[in-house]
Structures are given as C-alpha cells and as structure tokens.
Amino acid sequence: MSERFFLYDDIVDTKTRFVSFMGENQRFDLAIIQSDRYYGKQIVLDIQGNRFAIIGDDDLKEEGYLEYAFNLNEEDAEELRSFLMELV
C-alpha cells in the first residue's frame, strides 16, 4: 500500500449555529458553520435536504444560486435568501 498523500490536514476552530424555521411551504433545518477558511464565507448545511453550500454575500446576490445549491423553487429560495442575508 502506498503512503497517503494529503493536500491538507488542518484542525480549525469553528462556530456552528443550528437554526430551524418554518417558511410558507417548507421547514428549514440548517447548520451554519463559520471558520477562518473560505475567504469569510460560511458553510450552510441543509440537514433535512442533505445539501450544503459555501455561501457569502456575493453568492446570495447571484441569481439562481440558492435554487441550484439547495434544489429549491424560487419562493423557497427567497425565504432562505432573506434569512441568510441577515447572517452574512
């Protein structure tokens, strides 16, 4: 067996916020992870939907990004975007 080659293997301190809220059509169960990685962006995990994305202010402004990343319709994506705008 050959020796394992790591691109990186770091341990970093993170701050994780777990939040759940009810939108008009669905419930959002999220874990939002902050660290010094990803240029100040946050990792947003949709626990129920089993999807995640690295999100910053620029991503929230990009048309269709949340719809694609979290497999949401426009209305649900707007509810999530509105919530995330308060955090990012």
Side-chain angles (χ1 to χ4, degrees):
M1 188 167 142
S2 65
E3 190 173 322
R4 182 170 285 121
F5 175 74
F6 291 99
L7 295 175
Y8 57 84
D9 181 10
D10 299 332
I11 297 173
V12 298
D13 290 324
T14 64
K15 181 179 177 183
T16 305
R17 177 179 177 183
F18 294 94
V19 64
S20 178
F21 67 93
M22 190 66 203
E24 286 294 320
N25 302 314
Q26 76 172 47
R27 175 179 164 167
F28 292 93
D29 292 299
L30 307 172
I32 302 159
I33 302 169
Q34 296 175 328
S35 75
D36 60 353
R37 291 202 175 259
Y38 307 114
Y39 306 101
K41 294 186 178 192
Q42 300 174 28
I43 302 170
V44 179
L45 295 99
D46 175 5
I47 298 167
Q48 296 291 335
N50 199 28
R51 299 177 75 88
F52 73 94
I54 299 169
I55 296 179
D57 185 50
D58 58 330
D59 302 303
L60 293 175
K61 293 175 183 173
E62 185 176 329
E63 187 175 328
Y65 183 75
L66 291 181
E67 290 86 341
Y68 173 77
F70 294 104
N71 194 30
L72 298 171
N73 62 41
E74 264 185 58
E75 184 180 359
D76 293 339
E78 188 53 42
E79 289 178 331
L80 179 58
R81 182 176 291 107
S82 175
F83 171 75
L84 292 174
M85 287 289 243
E86 297 171 16
L87 300 178
V88 177

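Because only heavy atoms are used, hydrogens play no part in the values below, and waters and symmetry mates are left out as well, while side chains stay in. Nothing fancy with the numbering, it's 1 onward along the sequence.
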Using a 3.5 Å cut-off and no angle test, enumerate the donor-acceptor pairs between side-chain atoms of residues 76-88 and protein atoms at least two apart in sequence or in another chain.
| residue | atom | partner | partner atom | Å |
| --- | --- | --- | --- | --- |
| D76 | OD1 | N25 | ND2 | 3.1 |
| D76 | OD2 | N73 | ND2 | 3.3 |
| E78 | OE1 | R81 | NH1 | 3.0 |
| E79 | OE1 | E24 | N | 3.3 |
| E79 | OE2 | E24 | N | 2.8 |
| R81 | NE | L60 | O | 3.0 |
| R81 | NH2 | E67 | OE1 | 3.4 |

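- Residues F70 and D46 approach most closely at CD2-CB, 3.7 Å, considering heavy atoms.
- There is a path of hydrophobic side-chain contacts, each under 4.5 Å, that joins V19 to V44.
- No continuous path of ILVMFWY side-chain contacts below 4.5 Å connects I47 to L66, so the two sit in separate hydrophobic clusters.
- Minimum interatomic distance between R27 and S20 (heavy atoms only, all atoms of both residues): NE-OG, 3.3 Å.
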**Full working for side-chain contact (heavy atoms from CB on, under 4.5 Å) between Y39 and D58** = CA-CA 12 Å; Y39 306 101; D58 58 330; over 6 Å; no
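- No more than 12 heavy atoms of other residues, nucleotides or ligands sit less than 6.0 Å from atom OH of Y68.
- Shortest non-hydrogen contact noted between L30 and F21 is CD1-CE2, 4.1 Å.
- The shortest heavy-atom contact between D29 and Q48 is OD2-CG, 3.0 Å.
- Separating the CD atom in Q26 from the CE atom in M22 is a distance of 7.5 Å, to the nearest 0.5 Å.
- When the side chains of ILVMFWY residues are joined at heavy-atom separations under 4.5 Å, either directly or via intervening members, Y65 and Y38 end up in two distinct hydrophobic clusters.
- Listed by chain and number, the residues in a side-chain contact (heavy atoms from CB on, under 4.5 Å) with F52 are I43, L45 (sequence neighbours excluded).
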I'd like a table of donor-acceptor pairs (distance under 3.5 Å, sequence neighbours excluded) in which one partner is a side-chain atom from residues 11-18, with atom names and distances.
none

